[in-house]
Amino acid sequence: MEIVILPTPADVARTAADAIEQQVRRGPSVLGLATGSTPLGTYAELIGRHRAGGLSFANAQAFLLDEYVGLPAGHPQSYHSVIREEFTGSVDFAPDAVHGLNGMAEDLEAEAAQYEERISASGGVDIQILGIGTDGHVGFNEPMSSLASRTRIKTLTRQTRQDNARFFESAADVPEHVLTQGLGTIRRARHLLLLAMGEAKAEAIAAAVEGPVAALCPASALQLHPHVSVLVDEAAASRLAHRDYYTDTFGRKPAWQGL
Ligand code: PGA
């Protein structure tokens, strides 16, 4: 894991956008997209670069991490709608290049299995954006998720439903169930970008990065991945014991290495 501590959330967004831009400019790419508040700055940055004329997503595909069960694709809080609103609808992805899970599928297990197949058939995700929950979840892999899990249905914790209540009229309106890529699915992406900003994420980041690999903190599974960039602002880094070490080594790495 490489831990990159940046002064502000805007620096996190720019650095993540740089990594995605580099990938997209390399050739046809498969992007893994997350919803939630964390990647919004990154998406705004990418939309800005697209509008400024240089950056095209016409040769990219995208896969969403997760989806609520029981919200139709047209519901404003379905992740289908959210990602279109916040990112994909404002750039030039080809029609049908943005893939998500169908939370209204009659057979949710079959939907999950087909999603795994679609990701594999695409050649696999080149770069995956991830946020982290205050309980250490990535995607919607709540504590005790198998570190080898594949896409499947999960039941949200009370904490996550409370955390996400701000997007709904009340906490009671947050769906109980979701479909989510598993930790094993996420770990098959070639490069993971884990982003976190703000004090509320500091404890989860410390557990994910410096704690043991344990199902109790699902994001700790990323320690087993060969290429993870953890981009955090000062506040999200505030509980890390080895901040100086991360900053020193990142500052002295060869520039050609990139993230
Ligand atoms: P947030 O959520 O980006 O809205 O903080 C992250 C997550 O729950 O994974």
Side-chain angles (χ1 to χ4, degrees), residues 6 8-13 15-17 20 31-46 63-69 71 76-83 85-87 100-101 103 125 128-145 149 151-152 154-168 171 173-183 185-187 189 192-209 215-222 225 228-233 235-239:
L6 296 153
T8 67
D11 296 308
V12 172
T15 307
I20 292 160
L31 310 181
L33 302 181
T35 43
S37 305
T38 303
L40 294 180
T42 305
Y43 296 149
E45 184 72 30
L46 291 169
F63 284 88
L64 300 194
L65 267 183
D66 43 23
E67 183 57 276
Y68 289 115
V69 168
L71 296 191
Q77 291 309 325
S78 78
Y79 288 161
H80 266 94
S81 300
V82 169
I83 202 69
E85 181 71 21
E86 302 292 356
F87 179 40
L101 284 146
V125 171
Q128 173 69 56
I129 301 179
L130 297 168
I132 185 169
T134 55
D135 63 1
H137 71 219
V138 285
F140 272 134
N141 293 281
E142 298 285 34
M144 303 320 293
S145 288
S149 47
T151 304
R152 70 217 182 289
K154 289 294 288 181
T155 301
L156 295 179
T157 61
R158 284 182 210 283
Q159 177 70 54
T160 298
R161 291 182 70 231
Q162 252 165 39
D163 287 348
N164 287 6
R166 66 191 192 280
F167 297 115
F168 292 83
D173 294 324
V174 182
E176 301 255 16
H177 302 115
V178 292
L179 288 171
T180 181
Q181 287 189 32
L183 294 169
T185 316
I186 291 167
R187 280 171 43 206
L192 304 181
L193 287 183
L194 176 63
L195 315 184
M197 288 90 87
E199 173 68 31
K201 299 296 174 71
E203 205 171 310
I205 283 291
V209 169
L216 204 50
C217 177
S220 68
L222 307 190
H225 189 281
V228 184
S229 306
V230 181
L231 308 181
V232 285
D233 70 354
S238 59
R239 302 271 181 96

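Bear in mind the structure is a predicted one, so any value in this text is a computation, not a measurement. Both ligands and their constituent atoms are indexed starting at 1 by order of listing.
Here is the list of ligand 1 atoms found below 4.0 Å of a heavy atom in Ser37: 1 (P), 3 (O), 4 (O). The His137 neighbourhood of ligand 1 comprises atoms 7 (C), 8 (O), 9 (O), with distances under 4.0 Å to a heavy atom of that residue. Here is the list of ligand 1 atoms found below 4.0 Å of a heavy atom in Lys201: 1 (P), 5 (O), 6 (C). When each atom of ligand 1 is checked for a heavy atom of Gly36 under 4.0 Å away, the hits are 3 (O), 4 (O).
Nearest protein neighbour of atom 6 (C) of ligand 1, counting heavy atoms only, is Ile132 O, 3.5 Å. Nearest non-hydrogen protein atom to atom 3 (O) of ligand 1 is Thr38 OG1, 2.5 Å.
Annotation: ring-ring contact (aromatic ring centres under 6.0 Å, His included) contacts of Phe167 (sequence neighbours excluded): none.
No donor-acceptor distance shorter than 3.5 angstrom exists from the side chain of Arg152 to the backbone of Ser149, with no hydrogens or angles considered. With Glu45 contributing its side chain and Leu40 its backbone, the two residues share no donor-acceptor pair below 3.5 Å. In this structure, the side chain of Asp233 engages the main chain of Gly198 through a donor-acceptor pair within 3.5 Å.
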Practice problem: Could you check Glu142 against Lys154 for salt bridge (charged side-chain N to carboxylate O under 4.0 Å, His left out), going step by step and ending with a plain yes or no? | Solution: CA-CA 8 Å; Glu142 298 285 34; Lys154 289 294 288 181; over 6 Å; no
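In terms of polar-atom proximity, defined here as any N/O pair under 3.5 Å, Arg166 does make such a contact with ligand 1.
The shortest heavy-atom distance from Gln159 to ligand 1 is not under 4.0 Å.
No donor-acceptor contact under 3.5 angstrom links the side chains of Thr160 and Asp163, judged on distance only.
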